[in-house]
Every structure is written in structure tokens, then in C-alpha cells.
Amino acid sequence: QVYLVESGGDSVQAGDSLRLSCAASGETDYITKMGWYRQSPGKERELVATMTSDGTPLNYVDSVKGRFTISKANGEPTMYLQMNVVKPEDTAVYYCTAEMIWYPLYEDRPPSRAWGQGTRVTVSS
């Protein structure tokens with residue numbers, strides 16, 4: 001199993017910076033991709049950014065391009081989301097996710113996904 005724990009959410013002002021962290025534990029060698037989603041009450045969960053397991057960014061939602069950066073810690077399975085020039089529209093619960101392919105040791109397991117508990121970001125204008 002893979003377990004994810006987010007941290008770093010806070011209540012901030014528009015224009016501030018914030019860094020979210022996602023610490024992965026368990027069978028982390030089988031993680032192939034990681035990413036960040038966010039969700040506000042009454043809204044559909046939205047993909048924010050994704051990366052490969054080695055930290056190479058894959059994509060960003062248009063609304064955060066140029067402001068947010070996804071990255072991986074050196075030598076450990078911790079993912080970051082650096083949030084710069086935050087806007088009220090960034091207010092949401094941010095969730096960390098990981099995709100696992102259980103090759104080669106557990107070849108009969110289907111690919112699976114893990115989620116963190118979420119960390120809340122509130123941006124005031």
C-alpha cells in the first residue's frame with residue numbers, strides 16, 4: 001500500500017506564496033505518477049498539476065500556469081506544490097494523489113491510485 005499525507009495549507013492573502021507538501025510512504029517504489037487536485041464546496045474536483053515519479057512536470061491546469069510549480073524532493077518520495085501569487089480562486093482543499101503500477105514484484109495487481117486527506121488553502125482578497 002501507499003499512503004499520502006498533505007501539509008502546508010493555510011489562510012493567506014491574495015498575492016502571497018504558499019508551499020504544499022505531500023509525503024508518501026509504504027510501497028513508494030511502485031509510484032509512477034503523482035499530482036495535485038483541488039476541490040471547493042459544490043464544485044467538481046479539478047486537476048491542478050501532475051508529474052512523473054522522478055519529479056518531471058507533466059501538465060498544469062491553465063489557471064495556475066506561471067504561478068504554481070510541481071516538484072519532488074531530492075532522494076525521498078515527497079511532492080511539493082509551490083503556489084505563488086495566489087488568487088481567491090485558488091481557495092480549495094488540495095489533495096495529493098499517486099498512481100501505482102505494481103511491476104514486477106506484484107504483477108497480478110491492477111494499477112491503483114492513492115489519495116491524501118487534503119489540506120485547505122483559503123485566499124482572501
Side-chain angles (χ1 to χ4, degrees):
Q1 300 295 320
V2 170
Y3 306 92
L4 306 174
V5 179
E6 302 99 332
S7 62
D10 202 358
S11 181
V12 297
Q13 297 293 121
D16 286 352
S17 294
L18 197 65
R19 189 173 79 165
L20 307 183
S21 298
C22 172
S25 61
E27 298 175 288
T28 59
D29 287 345
Y30 296 92
I31 296 173
T32 56
K33 296 179 181 178
M34 297 185 73
W36 292 95
Y37 284 75
R38 64 186 181 186
Q39 188 168 31
S40 298
K43 298 181 180 179
E44 186 174 346
R45 186 173 57 186
E46 176 187 41
L47 176 67
V48 178
T50 57
M51 69 175 194
T52 65
S53 59
D54 68 354
T56 302
L58 292 173
N59 66 340
Y60 296 92
V61 67
D62 286 345
S63 60
V64 310
K65 288 180 179 177
R67 299 188 298 118
F68 291 8
T69 303
I70 191 170
S71 63
K72 179 185 178 294
N74 184 34
E76 58 184 71
T78 297
M79 177 178 64
Y80 301 114
L81 185 68
Q82 179 65 47
M83 306 167 62
N84 294 330
V85 197
V86 296
K87 302 176 180 180
E89 304 94 278
D90 298 322
T91 296
V93 177
Y94 284 72
Y95 295 93
C96 171
T97 190
E99 178 186 86
M100 287 77 69
I101 296 178
W102 304 100
Y103 176 87
L105 189 58
Y106 308 109
E107 296 181 16
D108 293 332
R109 290 187 188 178
S112 58
R113 182 179 294 274
W115 292 92
Q117 81 289 348
T119 186
R120 179 173 293 277
V121 174
T122 301
V123 182
S124 301
S125 61

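The chain is numbered in sequence order, starting from 1. Given the structure is predicted, the values throughout are model-derived calculations rather than measurements.
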> Considering residues at least two apart in sequence or located in another chain, which fulfil the side chain to side chain donor-acceptor pair (under 3.5 Å) criterion with Thr91?
Replying inline: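 Not a single residue meets the side chain to side chain donor-acceptor pair (under 3.5 Å) criterion with Thr91.
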Please determine whether residues [X] and [Y] belong to a single hydrophobic cluster, defined as Ile, Leu, Val, Met, Phe, Trp and Tyr linked transitively by side-chain heavy-atom distances below 4.5 Å.
| X | Y | value |
| --- | --- | --- |
| Ile101 | Leu105 | no |
| Met79 | Trp115 | no |
| Trp36 | Val93 | no |
| Val64 | Val123 | yes |
| Leu58 | Val48 | no |

Taking [Y]'s backbone N and O only, do any of them form a donor-acceptor pair with [X]'s side chain (distance below 3.5 Å, no angle check)?
| X | Y | answer |
| --- | --- | --- |
| Arg67 | Ser63 | yes |
| Thr97 | Ala114 | yes |
| Thr32 | Glu99 | yes |
| Glu27 | Gln1 | yes |

Got a second to check how far [X]'s [atom1] is from [Y]'s [atom2], nearest 0.5 Å?
| X | Y | atom1 | atom2 | answer |
| --- | --- | --- | --- | --- |
| Tyr95 | Arg38 | OH | CZ | 13.5 Å |
| Leu81 | Met34 | CG | CE | 11.5 Å |
| Tyr94 | Cys22 | OH | SG | 14.5 Å |
| Ser112 | Tyr30 | OG | OH | 11.5 Å |
| Trp102 | Asp29 | CH2 | CG | 10.0 Å |
| Ser21 | Gln82 | OG | CD | 9.5 Å |

>> Tell me whether Asp90 is salt-bridged to Lys87, with the criterion being a basic N under 4.0 Å from an acidic carboxylate O.
In response: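 Judged by the 4.0 Å cut-off on N to carboxylate O distance, Asp90 and Lys87 do not form a salt bridge.
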For residues [X] and [Y], determine if any side-chain heavy atom of one lies less than 4.5 Å from a side-chain heavy atom of the other.
| X | Y | value |
| --- | --- | --- |
| Thr56 | Met51 | no |
| Thr50 | Asn59 | yes |
| Val121 | Val86 | no |

>> For Pro57, give me all partners under side chain to side chain contact (heavy atoms under 4.5 Å, CB included), at least two apart in sequence or on another chain.
In response: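 By the side chain to side chain contact (heavy atoms under 4.5 Å, CB included) rule, Pro57 matches Tyr60, Ile70.
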>> Are more than 12 heavy atoms, taken from residues, nucleotides or ligands other than Asp54, located less than 6.0 Å from that residue's CG atom?
In response: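 Counting other residues, nucleotides and ligands, CG of Asp54 exceeds 12 neighbours.
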Contacts under 3.5 angstrom, residues 2-18 side chains, donor-acceptor by atom type, not counting sequence neighbours:
unit_1: Glu6; atom_1: OE1; unit_2: Gln117; atom_2: N; d: 2.8
unit_1: Glu6; atom_1: OE1; unit_2: Gln117; atom_2: NE2; d: 3.4
unit_1: Glu6; atom_1: OE1; unit_2: Gly118; atom_2: N; d: 2.8
unit_1: Glu6; atom_1: OE2; unit_2: Cys96; atom_2: N; d: 2.6
unit_1: Glu6; atom_1: OE2; unit_2: Gly118; atom_2: N; d: 3.3
unit_1: Asp16; atom_1: OD2; unit_2: Gln13; atom_2: N; d: 3.0
unit_1: Ser17; atom_1: OG; unit_2: Asn84; atom_2: OD1; d: 3.0

